[in-house]
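Both counts, for ligands and for their atoms, begin at 1 and track the order of listing. Only heavy atoms go into these numbers, but all of them, side chains included; no hydrogens, no water, no symmetry mates.
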Amino acid sequence: MTGQSLHVAIIMDGNGRWAQARRRPRTDGHRAGARAVRRTVEAALREGVSTLTLYAFSSDNWKRPAAETGALMTLFGAFLRKERERCGREGIRISVIGRRDRLPAPLVAEIETTEAATAGAGRLHLRIAVDYSARHSIQSGQVGPDVDLLIRTGGDQRLSDFLLWECAYAELMFIPAWWPDFTAGELHTALQEFNHRQRRFGGLAPAA
Ligand code: FPP
């Protein structure tokens, strides 16, 4: 998958069920989810993906108990602090999309430091969606690059207010695995299937 621009977006679902199946707190599932993020970013680099957008926290996730949302905000900050140096070295630019006015101030500071530290990197653009709502983004005129491939883990088949505008012609793939179990192999298989799909964008298939 090299030599072309490819935008992959992922709805990382199933952290809670992964934890429940192990009789562990949901936050353990989110921590395992963060490890899966690291693995997936490495795999995306190897696969030649140019933009990877990950749905980390939807604006509707504020409906969850404060203990869980707080733990997630702390996890996002720790992830950015831990990963920014390595990402910059590896050519990974990190941006965070979504609203910032409702995020804890220390997380906003980590986001700003990370974006500045990795701004010059150009191999892979990692975009993390936090307090993100596609409807809100569209209403405020903030839309990004078209998505080529959208993957959702966890078995459900819906978009949950993620990149609604940008997914106008995205190929959709729904994978049963819970997010913490998502592997480089699964990303590879998804990209192989993507390469076999015929994208017509409303036009006609080329004549045989
Ligand atoms: C959905 O699973 C997942 C989330 C709401 C949080 C996603 C967060 C991570 C993957 C953690 C780390 C991310 C970064 C960028 C460091 P769920 O909790 O809704 O799972 P369930 O449907 O099984 O309950």
Among protein heavy atoms, which lies nearest [atom], and at what distance?
{"atom": "atom 9 (C) of ligand 1", "answer": "Asn15 ND2, 3.5 Å"}
{"atom": "atom 15 (C) of ligand 1", "answer": "Ile128 CG2, 3.8 Å"}
{"atom": "atom 5 (C) of ligand 1", "answer": "Asn61 OD1, 3.6 Å"}
{"atom": "atom 11 (C) of ligand 1", "answer": "His30 O, 3.4 Å"}
{"atom": "atom 7 (C) of ligand 1", "answer": "Ala56 O, 3.2 Å"}
{"atom": "atom 3 (C) of ligand 1", "answer": "Met12 O, 3.2 Å"}
{"atom": "atom 13 (C) of ligand 1", "answer": "Phe76 CE2, 3.7 Å"}

At the 4.0 Å heavy-atom cut-off, does [X] count as touching ligand 1?
{"X": "Gly154", "value": "no"}
{"X": "Leu54", "value": "no"}
{"X": "Arg64", "value": "yes"}
{"X": "Arg26", "value": "yes"}

Keeping the roles fixed (side chain from [X], backbone from [Y]), state whether a donor-acceptor pair exists under 3.5 Å.
{"X": "Asn61", "Y": "Ser58", "value": "yes"}
{"X": "Asp148", "Y": "Val8", "value": "no"}
{"X": "Glu110", "Y": "Ala78", "value": "no"}
{"X": "His7", "Y": "Thr51", "value": "no"}
{"X": "Glu166", "Y": "Gly144", "value": "yes"}
{"X": "Arg127", "Y": "Ile97", "value": "no"}
{"X": "Glu115", "Y": "Glu112", "value": "no"}
{"X": "Ser59", "Y": "Asp131", "value": "yes"}

Show me which atoms of ligand 1 lie under 4.0 Å from any heavy atom of [X].
{"X": "Trp179", "value": "10 (C)"}
{"X": "Phe79", "value": "16 (C)"}
{"X": "Ala34", "value": "11 (C), 12 (C)"}
{"X": "Gly16", "value": "17 (P), 18 (O), 20 (O), 21 (P), 23 (O), 24 (O)"}

| query | Between Trp178 and ligand 1, which part of the residue brings a heavy atom under 4.0 Å of the ligand: side chain, backbone, both or neither? | reply |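 It is neither; nothing of Trp178 touches ligand 1.
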| Relative to ligand 1, is Phe57 under 4.0 angstrom through side chain, backbone, both or neither, heavy atoms considered? |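 None of Phe57 does.
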| task | Decide whether Asp13 and Thr153 meet the rule of one side-chain donor and one side-chain acceptor closer than 3.5 Å. | result |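 Note: Asp13 and Thr153 side chains miss the donor-acceptor criterion.
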| said: Running the 4.5 Å side-chain criterion over Ile, Leu, Val, Met, Phe, Trp and Tyr, what cluster does Phe201 land in, apart from itself? | reply: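 Joined to Phe201, directly or through intermediates: Tyr169.
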| task | Each residue besides Trp178 in its hydrophobic cluster should be listed here, by chain and number; the cluster joins Ile, Leu, Val, Met, Phe, Trp and Tyr at side-chain heavy-atom distances under 4.5 Å. | result |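 Answer for Trp178: Trp18.
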| Candidate with minimal heavy-atom separation from atom 2 (O) of ligand 1, of Asp13, Thr40, Asp156, Val37 |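 The residue whose heavy atom sits nearest atom 2 (O) of ligand 1 is Asp13.
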| message | Would you compute the distance between atom CD1 of Ile175 and atom CZ of Arg152 and round it to the nearest 0.5 angstrom? | response |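 If I round to the nearest 0.5 Å, the distance is 12.5 Å.
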| Taking N or O atoms only and a 3.5 Å limit, does Tyr55 qualify as a polar contact for ligand 1? |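 Between Tyr55 and ligand 1 (N or O atoms, distance only) the closest approach is not under 3.5 Å.
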